[in-house]
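The structure under discussion appears below in the form of C-alpha cells.
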Amino acid sequence: MTEPFTIAIDGPAAAGKGTISRAIAAHFDMAHLDTGLLYRAVGARMLLGEDAATAARTLVASDLDNDSLRTQAVAQAASQVAVIADVRAALLDFQRAFARRAGGAVLDGRDIGTVICPQAEVKLFVTASAEVRAKRRFDELVQRGQPADLDAVTADVKARDARDMDRAEAPLKPADDAVLIDTSNQTIDEAVASAIEVVTAKKG
Ligand code: CDP
Ligand code: CDP
C-alpha cells in the first residue's frame with residue numbers, strides 16, 4: 001500500500017482541470033475526484049426545491065452519477081450554492097478523506113490547494129482565456145446535442161468566474177505555491193504533458 005499523495009488542481013470553468021486530472025490519475029494510477037460534481041449535485045437538488053445545506057449533508061453516490069448535472073443551469077446553481085458556508089462545510093470531510101487515501105489522489109475544483117488540501121504535495125492552477133474556455137464549453141454542448149449560443153455561454157462562464165472569485169468563502173485563486181498552467185494555446189496532449197512533468201519532478 002503506497003503512502004497518500006495529494007495532487008490539487010484548481011482553476012476557472014473549462015480551463016482543462018478535469019481533462020488533466022483524469023490523465024494524471026490514469027498515468028500515476030491514483031484515484032480522482034471531480035469536486036465540482038459535489039456542488040453541481042447540491043445545485044441540482046436546490047433547483048428541485050430542497051434546502052442547499054440539507055442537500056449537502058445528505059448527498060449520496062447516486063446523486064453524482066447523473067448526466068443532467070452537465071447543463072449550464074446546473075453549473076450556475078452550483079456556483080450559487082457554493083457561496084454558502086454550511087454547504088462548503090458539509091462537503092469538507094469527504095474531500096479531505098478522499099485526498100489522503102492510500103495510493104494517492106487527484107482532486108480538481110476551485111479551493112483544493114487553498115482550503116481543502118493546503119498541504120497537498122502538488123498544486124496546479126490551470127487557466128485559459130475566458131474566450132477560449134467559453135468556446136470549449138460551447139463545443140461540448142453542441143457535441144452533446146444540447147441547445148447552445150456562444151454569447152450566452154461566454155456570459156455564463158464569466159458570471160460564474162466572477163461569483164467564484166468574489167465570494168467570501170474559499171474564493172477561486174491560485175495557492176501561493178501553485179504551479180500555473182495556461183492552456184489557452186495548448187492542445188490537450190501538451191497540457192497533460194506539462195502537468196505530468198510537474199508531478200514527476202515532485203514525486204521524485
Ligand atoms: O474541468 P474543466 O471545466 O476545467 O475543463 P475540462 O472539462 O477538462 O475541459 C473543457 C473542454 O475543453 C473539454 O471539452 C476538453 O476536451 C477541452 N480542452 C481543450 O480543448 N484543450 C485543452 N488543453 C484542455 C481541454
Ligand atoms: O466544470 P466546470 O469547471 O465548469 O465547473 P465545476 O468544476 O463542475 O464547478 C461548478 C461550480 O461549483 C463552480 O463554478 C464553483 O462555484 C463550484 N465549485 C466550488 O466552489 N468549489 C470546488 N472545489 C468545485 C466547484
Side-chain angles (χ1 to χ4, degrees), residues 8-25 32-44 46 52 56 59 64 66-85 87-92 94-96 98-99 106-117 120 123-144 146 148 153-154 156-173 175 181-195:
I9 303 191
D10 292 305
K17 304 180 297 295
T19 305
I20 289 176
S21 299
R22 284 189 294 275
I24 287 186
H32 168 225
L33 178 65
D34 170 1
T35 65
L37 271 186
L38 303 173
Y39 293 90
R40 284 175 184 260
V42 174
M46 181 198 70
L59 271 194
L64 307 180
N66 191 336
D67 277 348
S68 67
L69 299 181
R70 289 279 150 220
T71 65
Q72 291 293 106
V74 170
Q76 288 296 339
S79 79
Q80 283 160 9
V81 300
V83 307
I84 303 170
V87 167
R88 306 199 73 86
L91 301 174
L92 191 73
F94 172 72
Q95 295 176 84
R96 285 204 175 139
F98 192 99
V106 185
L107 285 81
D108 74 287
R110 301 292 186 288
D111 63 338
I112 309 304
T114 52
V115 173
I116 304 294
C117 305
K123 296 180 189 177
L124 303 178
F125 193 85
V126 182
T127 187
S129 73
E131 288 67 30
V132 165
R133 292 185 291 110
K135 178 67 166 60
R136 288 176 182 167
R137 219 8 75 84
F138 171 79
D139 289 344
E140 282 178 339
L141 292 171
V142 170
Q143 262 175 20
R144 276 198 229 111
Q146 290 184 18
V153 174
T154 306
D156 244 52
V157 161
K158 287 183 175 171
R160 198 143 61 86
D161 287 351
R163 200 181 293 127
D164 289 349
M165 289 187 290
D166 293 345
R167 69 185 177 214
E169 291 288 328
L172 168 65
K173 63 171 181 200
I181 296 184
D182 187 331
T183 69
S184 302
N185 298 309
Q186 285 184 326
T187 64
I188 290 175
D189 286 351
E190 287 167 344
V192 167
S194 48

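The figures here come from the full heavy-atom set of this structure, side chains too, leaving out hydrogens, waters and symmetry mates. Indexing begins at 1, ligand by ligand and atom by atom, following the structure's order. Keep in mind it's a predicted model, so treat the numbers as computed, not measured.
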* Asked: Does some non-hydrogen atom of Gln80 fall short of 4.0 Å from ligand 2?
  -> no
* Where do Leu33 and Phe94 land on the side chain to side chain contact (heavy atoms under 4.5 Å, CB included) test, with the steps shown first? -> CA-CA 10 Å; Leu33 178 65; Phe94 172 72; 3.9 Å; yes
* Run through ligand 1 for me and note each protein residue having a heavy atom under 4.0 Å from it, chain first, then residue number. => Pro12, Ala14, Ala15, Gly16, Lys17, Gly18, Thr19, Arg136, Arg137, Glu140, Thr183, Gln186, Thr187, Ile188, Ala191
* Asked: Does an N or O from Gln95, backbone or side chain, lie closer than 3.5 Å to an N or O of ligand 2?
  -> no
* Check ion pair Asp67-Arg144 (N to O, under 4.0 angstrom) -> no
* **Check ion pair Arg160-Asp156 (N to O, under 4.0 angstrom)** => no
* Report the C-alpha separation of Gln72 and Arg137 in whole Å, then their side-chain angles, then the decisive distance to 0.1 Å, and conclude whether the side chain to side chain donor-acceptor pair (under 3.5 Å) test is met. => CA-CA 9 Å; Gln72 291 293 106; Arg137 219 8 75 84; 5.2 Å; no
Please list, in number order, the atoms of ligand 2 under 4.0 Å from a heavy atom of [X].
{"X": "Ala78", "answer": "10 (C), 11 (C), 12 (O)"}
{"X": "Ser79", "answer": "14 (O), 16 (O)"}
{"X": "Asp164", "answer": "13 (C), 14 (O), 15 (C), 16 (O)"}
{"X": "Ala82", "answer": "16 (O), 17 (C), 20 (O)"}

* To do: Check each heavy atom of Arg88 against ligand 2 and say whether those closer than 4.0 Å belong to the side chain, the backbone, both or neither.
  => side chain
* Examine the proximity of ligand 2 to Arg160 and report which part, side chain or backbone, both or neither, has a heavy atom under 4.0 Å away. => side chain
* **Residues Thr19, Thr183; criterion side chain to side chain contact (heavy atoms under 4.5 Å, CB included); working and verdict** => CA-CA 11 Å; Thr19 305; Thr183 69; over 6 Å; no
* Sidechain-backbone polar pair: Arg40 side chain, Val74 backbone, donor-acceptor under 3.5 Å -> no
* Asked: Are the side chain of Ser184 and the backbone N or O of Ser129 linked by a donor-acceptor pair below 3.5 Å?
  -> yes
* Which value, rounded to the nearest 0.5 Å, describes the distance between Phe98 atom CZ and Ile116 atom CD1? -> 13.0 Å
* **Single hit among Leu172, Asp182, Ile181 for side chain to side chain contact (heavy atoms under 4.5 Å, CB included) with Phe125** => Leu172
* Tell me, please, which residues at least two apart from Lys173 pass salt bridge (Lys or Arg N to Asp or Glu O under 4.0 Å). => none
